[in-house]
Amino acid sequence: MKIRSLICLSILSVGLVSCQQQKPKDAYADEVEALLSKMSLAEKIGQLNLLDGSWQAERLENDIRDGHVGSVLNCSGETANQLQRVAVEESRLGIPLLFGRDVIHGFKTIFPIPLGQAASFNEELIEQGSRVAAIEASSVGVRHTYAPMIDVTRDPRWGRVAESLGEDAYLTSRLGVAMVKGLQGDDLTDPSAIAACAKHFAAYGMTEGGRDYNVADISAETLHDYVLPPFKAAADAGCATFMTSFNEINGMPASASKYLFTDLLRDEWNWTGMVVSDYYSIEQLKVQAFCETLDESAIYGINAGVDMDMMSHVYWPLLEDLVKAGKVKESVVDNAVRNVLRLKYQLGLFENPYCDTTRDSVFYAPEHLETAKKLATESVVLLKNEDQVLPLTDNIQSVAVIGPMANAPVEQLGTWCFDAEPEHSVTPLAALTEECGDRVKINYAKGLAYSRDESETEIPAAVAAARRSDVVLLFVGEEAILSGEAKCRADISLPGAQSKLIDEVAKAGKPIVLVVMAGRPLTIGAETEKCAAVLYAFHGGTMAGPALSDLIFGKENPSGKLPITFPKMVGQVPIYYNQKLIGRPAGDDIVLLKDIPVEAKQTSLGFSSYWLEVGYKPLYPFGYGLSYTSFDYKKIQVSNPELKMDGSIDVWCEVKNTGTRPGKETVQLYVQDVAGSATRPCRELKGFKKVEIAPGETEVVSFTITPDMLGFYHAVDGKTYPETGRFNVWIGSSSEGGLKSEFELVK
Ligand code: GLC
């Protein structure tokens with residue numbers, strides 16, 4: 001038995017400095033000051049104006065020529081070059097424009113939605129995917145993107161859960177940093193680098209009811225321990241820009257929060273990048289009843305430290321008179337302009353303002369598609385595999401390919417892929433047809449025209465296809481439009497008649513492999529009971545089809561793990577793995593609603609915390625995911641039962657592949673502070689390592705724990721630090737169970 005030791009440091013503890021890539025504040029200071037000194041007040045304010053060029057871009061030319069525009073979003077290529085020529089060659093100072101675009105999970109080559117990417121737990125692959133996105137987007141002049149979205153959220157009702165990296169601050173921190181590195185590359189002046197944007201700062205993922213743009217009413221502890229750490233990690237990793245969020249936090253709209261954008265981001269975290277508002281979010285301060293006039297909106301925004309105004313048309317033209325009237329200090333405007341100009345110098349825009357539209361296209365390069373396929377493959381989570389029905393073996397002679405998502409090139413791309421071209425999508429049906437050739441017969445029947453289709457007229461044909469086949473591959477889920485911004489759902493079950501389709505197909509009596517392609521966790525418990533196997537593929541992007549075909553036929557082994565808890569019913573939301581320990585936790589003695597005796601006495605059911613319909617457990621927990629092989633965890637050890645405040649300890653265990661095929665396993669490290677001056681979560685993810693293990697082989701997977709990983713926010717003094725005392729530690733394959741040990745943090 002070969003034992004290799006994999007030392008993996010928990011290299012990034014939430015909220016800790018990773019690698020400080022941010023250029024020192026004085027980067028380009030001379031150039032910036034020299035240019036600033038030449039600028040009129042109107043020209044300064046023009047640099048803070050971000051306009052949308054997505055329609056009739058030429059209508060912006062006059063404003064650009066007059067120096068009233070600093071950045072343009074949603075246009076690229078020759079259109080962008082035309083606007084850039086006006087800025088560089090026709091405006092008084094020739095300051096180049098910055099072109100921005102939402103490149104959330106790919107530009108032309110589309111990767112899985114970020115929630116799906118998070119399921120890969122693969123930083124290197126996610127970084128590679130973001131690098132591809134940057135190469136494609138920058139090739140047509142995009143040099144600023146409004147990504148990564150690193151809002152931690154525990155609410156699958158929220159449409160933007162699709163863009164998130166899930167419910168955990170530590171996972172979001174590590175994967176968000178990977179995206180920043182991929183987008184920005186090693187040097188922002190490289191023409192293929194695009195400035196990343198940590199968004200939405202902050203607490204957008206914690207809005208009430210999972211309803212978009214709603215209020216976030218959270219404690220200081222939740223803000224500091226769960227919401228802010230990914231942003232601190234992004235800032236420490238050198239993320240060039242931040243974006244405000246639409247929501248308020250405890251009564252303060254984020255876009256007017258001096259605490260967030262000046263006191264915390266710049267003064268405490270020492271971040272020197274550029275802040276852009278969200279779309280109209282400065283103007284919306286009035287809508288949020290935070291102020292009564294647009295003048296006030298402008299004053300609040302600029303004084304908070306929000307440098308650029310995206311599309312509110314408030315900074316320009318209102319700030320000029322406000323400065324002249326002494327209501328806003330010109331020095332405040334100067335600082336905002338410095339941040340904008342510095343970014344433009346960092347990106348090399350003064351030397352290299354145009355994109356070369358004559359070069360060969362880099363879109364869909366073979367290596368880009370290969371990266372997209374790899375990430376799509378590792379983003380799929382195997383939730384169930386009864387009797388090893390997967391992978392399909394050679395004795396399968398016919399498969400029924402059924403469902404509204406089997407051949408839906410637009411839908412598999414998911415939300416936020418403005419530049420995608422569905423004609424490049426390779427659907428599961430296309431990939432399976434290619435794979436099966438004349439070896440395996442495919443009986444295709446859509447069953448439903450699209451995910452919301454209530455018509456049942458095509459279901460009989462689907463049932464007939466199932467009857468004619470050895471196994472059913474049933475592709476269900478959500479159309480792309482059902483997740484993303486402003487697409488919140490109060491019912492997160494399969495839309496349309498998809499459940500009916502599954503029920504009817506199940507009557508054919510053939511084993512069903514359910515493949516779910518969606519933008520969020522769905523309450524699919526009843527449906528999965530009728531299926532032998534379940535693959536959760538999220539929206540997998542351009543190469544979703546080939547990835548799923550390779551997984552179904554065993555060319556690849558699933559390795560995804562859930563980045564977010566799957567509830568049994570939407571009524572359980574919010575439900576997440578790192579819940580607090582409560583005074584009356586439920587156990588196995590709970591009595592479900594269906595089992596309560598008639599006229600039961602009030603005190604007869606006990607007193608513990610659960611839902612009568614479904615108990616207290618989720619459908620699937622955070623970190624869960626199966627493989628075609630099996631892994632055995634044993635022999636957890638701690639290098640020292642005592643962790644000193646100035647020291648570190650290692651914790652490790654052996655992980656053996658006890659199956660017959662190689663597989664990748666994401667080994668997870670969880671820690672629990674047994675007691676604290678504030679109540680502590682039942683456990684928290686503090687490390688993970690994705691390891692490939694050959695059949696029969698054993699790896700020793702080790703993590704290093706340092707005191708700063710154990711810190712939590714203390715409202716009493718507003719600081720984050722650990723407390724001495726006992727800690728439990730687990731190493732396991734999900735957030736449930738695992739090998740347990742303990743240690744004590746001592747002075
Ligand atoms: C949207 C989104 C934001 C996006 C911006 C530009 O409203 O909230 O994430 O980057 O506008 O499209």
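Position 1 is the first residue of the sequence, and the numbers go up from there. Order of listing sets the numbers, starting from 1, for every ligand and every atom in it.
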Requested in this report: Run the ring-centre check on Phe350 versus Tyr345 and record whether the distance is less than 6.0 Å.
Outcome: yes
Report task. Answer yes or no: does an N/O atom from His200 fall short of 3.5 Å to an N/O atom of ligand 1? Result -> yes
Query - Donor on one side chain, acceptor on other, Glu421 and Tyr364, under 3.5 Å - result: yes
**Report entry** Separation between CE of Met206 and OG of Ser219, rounded to the nearest 0.5 Å
**Finding:** 9.0 Å
Query raised in the report: At what distance is the nearest protein heavy atom to atom 11 (O) of ligand 1, and which residue and atom is it?
Result: Asp278 OD1, 3.1 Å
Query - Atom indices of ligand 1 within 4.0 angstrom of Asp102 heavy atoms, with elements - result: 4 (C), 6 (C), 10 (O), 12 (O)
Query raised in the report: Would Phe246 count as a contact of ligand 1 if the rule is a heavy atom under 4.0 Å away?
Result: yes
Query raised in the report: Does any donor atom in the side chain of His368 or Glu136 lie under 3.5 Å from an acceptor atom in the other side chain?
Result: yes
Requested in this report: Specify the protein heavy atom at minimum distance from atom 1 (C) of ligand 1: its residue, its atom name, and the distance to 0.1 Å.
Outcome: Glu485 OE1, 3.1 Å
Query raised in the report: So, Phe242 versus Trp271, ring centres under 6.0 angstrom or not?
Result: yes
Query raised in the report: Which atoms of ligand 1 sit under 4.0 Å from any heavy atom of Tyr146?
Result: 10 (O)
Query raised in the report: If you count the atoms of ligand 1 from 1 in the order shown, which ones are under 4.0 Å from a heavy atom of Lys199?
Result: 3 (C), 4 (C), 9 (O), 10 (O)
**Report entry** Heteroatom proximity flag, Tyr279 to ligand 1, N/O under 3.5 Å
**Finding:** no
**Report entry** Sub-4.0 Å heavy-atom contact, Arg160 with ligand 1
**Finding:** yes
Query raised in the report: Is it true that Asp307 and Arg266 have a side-chain N and a carboxylate O under 4.0 angstrom from each other?
Result: yes
Query raised in the report: Do NZ/NE/NH1/NH2 and the carboxylate oxygens of Arg85 and Glu78 come within less than 4.0 Å?
Result: yes
